[in-house]
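Hydrogens, waters and symmetry mates are skipped; everything else that's a heavy atom, side chains included, is used. Just so you know, ligand 1 is whichever comes first in the structure, and atom 1 is the first atom listed for that ligand. Note that the coordinates shown come from a computational prediction; the quantities given were computed from them, not determined experimentally.
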Amino acid sequence: MSLEQKRQIVTAIPGPKSLALQQRRSEVISSGVGTMLAAFIEEAHGAILKDVDGNQFIDFGSGIGVVTIGHTNPGVVEAVSNQVAKLTHTLFTVTPYEPYVRAGELLTSHAPGNFKKKAAFFNSGAEAVENAVKIARKATGRTEIAVFDHSYHGRTNLTMSMNFKVHPYGTGFGPLAGSVHHAPMSYPYRDPAEMTGPEAATRAITYLEKRVGAAQIAALFIEPIQGEGGFIVPAPGYLKTLQDWTRANGIVFVADEVQSGMARTGKWFASEWEEGLEPDLITVAKGIAGGMPLSGVVGRAEIMDAAHAGGLGGTFGGSPTAVAAGVAVMEQYESGNWFNRALEIGEIISGRLNAMKNSYPVIGDVRGRGAMQAIELVEPGTKNPNPAATEALLKHCHQNGVLVLNAGTYNNVLRFLPPLAISDELVHDALDVLAAGLAKL
Ligand SMILES: *Cc1c(COP(=O)(O)O)cnc(C)c1O
C-alpha cells in the first residue's frame with residue numbers, strides 16, 4: 001500500500017484546495033447532486049482516504065459499503081488493469097466474453113439456496129432491483145410489489161417509489177410508480193418489547209393480505225438488514241416467517257442485499273444469518289466489485305429464465321472491466337479470510353459501542369452484524385430521535401479525520417462500514433475520535 005495507514009489532519013476541513021474545487025464545482029455541477037463532506041479525495045488505499053490538501057481520513061464508510069475489500073486492493077487493481085488493456089466493451093448481448101460467465105459461476109455457487117441458480121449483471125443497485133421486479137412480474141404474471149417501512153432501493157422512478165422516505169428521494173419527482181405497497185418492518189428497538197419476529201411478520205402479512213391480496217403480489221422485496229433505514233436488524237424468525245408465507249402464496253421472495261451482501265456481515269450474504277432463509281432472488285451491487293460499477297440479480301433458475309431473450313440487458317451492464325473486478329473480489333472472498341476479518345472488526349466495534357452506550361445515554365441502541373454496525377441516537381431517557389446529536393457527532397468525526405455516515409428514517413443513526421482491509425489500530429483510533437465526540441456533546 002502506497003499510502004501510510006494513518007489518520008492525519010493538516011488543514012481545516014475542508015481545506016483551501018477543496019474549497020477552491022467546491023467553488024468550481026458549484027458553477028457546473030447540479031445542486032441536486034449533494035455532498036456530505038466537501039473534502040475532495042485524490043487517492044485512497046486500504047482504509048485511508050487522502051484529500052487534495054493532504055488530509056488523511058480513516059474510511060468508516062467504504063463509499064457506502066462498496067470498497068469492502070479495501071481501496072485499491074492489489075488483486076482488483078491487477079484484474080482491472082489487465083482487462084482494460086485487453087477488452088473494454090462488446091456488449092454481452094451482442095457478443096459475449098468469458099469474465100461475465102465466470103462472475104455468474106461465482107455468484108450462483110455462493111448465493112444461498114439448495115436449488116439451481118442463474119444470474120444477470122447490470123450497473124447499479126437500482127438497476128438490479130428494477131430488473132428483479134421485471135423478472136418476478138414475468139415469472140408470476142402478477143403486478144403488485146410488497147416493500148417495507150424504512151426500506152431503501154434506489155433513485156430511479158420505480159425504486160424511489162419503493163423507498164420508505166419520500167424526502168429526499170422522491171420529493172417533487174413524481175408521479176411515482178404505482179403497484180408498490182409498504183408493509184410494517186420488524187424494528188426491535190421501536191417495536192413493543194415482547195413482539196417476536198414471527199409476530200412482527202404476521203403484522204406485515206395481515207396488512208398485505210387485507211390491503212393488497214396475496215394472489216396479486218408478484219414479489220416481496222426486503223433488505224435482510226436495512227441499510228439507509230439505519231441498519232435495522234429484524235427480530236429472529238421475521239424473515240423466515242415472511243418466506244414461508246411467500247412460498248405458500250406463489251410470491252417471489254427477493255432479498256435486496258445491495259448493501260448487506262458480499263462479506264460485509266461476515267458471510268457472503270446477510271440472508272444466511274437467518275435460519276432456513278433461501279431467497280428466491282437476491283440483488284447485489286455495492287460490495288461486489290471493489291469500486292467498479294457492477295450489480296446483479298441471482299436466484300432460482302426457473303424464475304431468472306422467465307424473462308424472454310432480449311428482455312434483460314443494457315449497454316454497459318456487466319462490462320468486461322466491471323465483471324473482471326467482480327471475479328477478483330469474489331475469488332478472494334472464497335478463501336473465507338475476509339469473512340473472519342469482518343467478524344473480528346464487528347466484535348471490536350460493537351464491543352466498544354456497547355461500552356459507550358453504558359456511559360452515554362444519548363446512544364439508545366447499538367446494532368448490526370459483522371462490519372456493518374450502527375448506533376441510534378436518542379434524547380437521553382427517552383426513545384425520541386436525536387438528529388441534532390447525530391449531526392454534531394458526524395461533524396466532530398469529519399473534522400477529526402474519521403469519515404462516518406449517517407442513516408435512519410429519523411436522521412438519528414450513525415453507521416460504521418469500514419473496509420475490511422482496516423487494521424485493529426485504525427478501528428480503535430476512529431472509535432477514540434467518536435468517544436471524544438460523545439464526551440463533548
Ligand atoms: C444503495 C442501495 C440500492 C441502490 O443502489 P445504487 O447502486 O445506488 O443504485 C438499492 N438497495 C439497497 C439496499 C441499497 O443500499
Side-chain angles (χ1 to χ4, degrees), residues 32-36 61-68 120-136 145-165 168-170 173 177 180 182 185 219-234 239 253-265 268-271 273 279 281-299 314 316-319 322-323 325-326 329 368-374 405-409 413 415-417:
V33 188
T35 291
M36 181 183 72
S62 301
I64 315 197
V66 169
V67 284
T68 303
F121 293 102
F122 307 98
N123 302 287
S124 69
E127 220 187 321
V129 172
E130 290 239 2
N131 278 283
V133 171
K134 284 165 61 174
I135 293 165
I145 301 298
V147 291
F148 288 83
D149 294 348
H150 314 293
S151 61
Y152 180 80
H153 298 289
R155 290 175 180 275
T156 56
N157 184 267
L158 178 53
T159 55
M160 79 182 172
S161 312
M162 294 166 70
N163 296 341
F164 181 63
K165 277 210 294 196
Y169 310 122
F173 296 151
V180 174
H182 284 85
M185 178 65 181
L220 174 150
F221 280 72
I222 190 160
E223 299 157 82
I225 299 178
Q226 289 184 319
E228 303 305 300
F231 290 9
I232 299 166
V233 185
L239 296 169
F253 185 106
V254 187
D256 182 350
E257 294 239 26
V258 166
Q259 194 157 158
S260 60
M262 291 289 151
R264 179 49 63 188
T265 66
W268 281 95
F269 296 97
S271 293
W273 288 101
L281 299 181
I282 296 179
T283 53
V284 295
K286 293 185 166 99
I288 192 178
M292 294 299 287
L294 180 67
S295 71
V297 183
V298 59
F316 293 116
S319 85
V323 288
V329 168
R369 273 195 208 286
M372 182 173 190
Q373 299 285 337
L405 308 172
N406 57 4
T409 296
V413 174
R415 56 178 153 167
F416 311 107
L417 290 164

Q.
Under the criterion side-chain hydrogen bond (donor to acceptor under 3.5 Å, both in side chains), I'd like the reasoning laid out for S260 against E223: C-alpha separation, chi angles, the key distance, then a yes or no.
A. CA-CA 8 Å; S260 60; E223 299 157 82; over 6 Å; no
Q: In sequence, state the C-alpha distance, the side-chain angles, and the governing distance for D256 and Y152, and then conclude on side-chain contact (heavy atoms from CB on, under 4.5 Å).
A: CA-CA 9 Å; D256 182 350; Y152 180 80; over 6 Å; no
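With hydrogens and angles disregarded, a donor-acceptor distance shorter than 3.5 Å links the side chain of S62 to the backbone of L417.
For ligand 1, the 4.0 Å heavy-atom shell contains residues S124, G125, A126, Y152, H153, G154, E223, D256, V258, Q259, K286.
A pairwise comparison of heavy atoms in V180 and S161 identifies CG1-O, 3.5 Å as the closest pair.
Interatomic distance, OG1 of T68 versus CE of M262, reported as 9.5 Å (0.5 Å rounding).
Here the options are F269, F121, W268, F122, the test is side-chain contact (heavy atoms from CB on, under 4.5 Å), and the partner is V284; only F269 passes.
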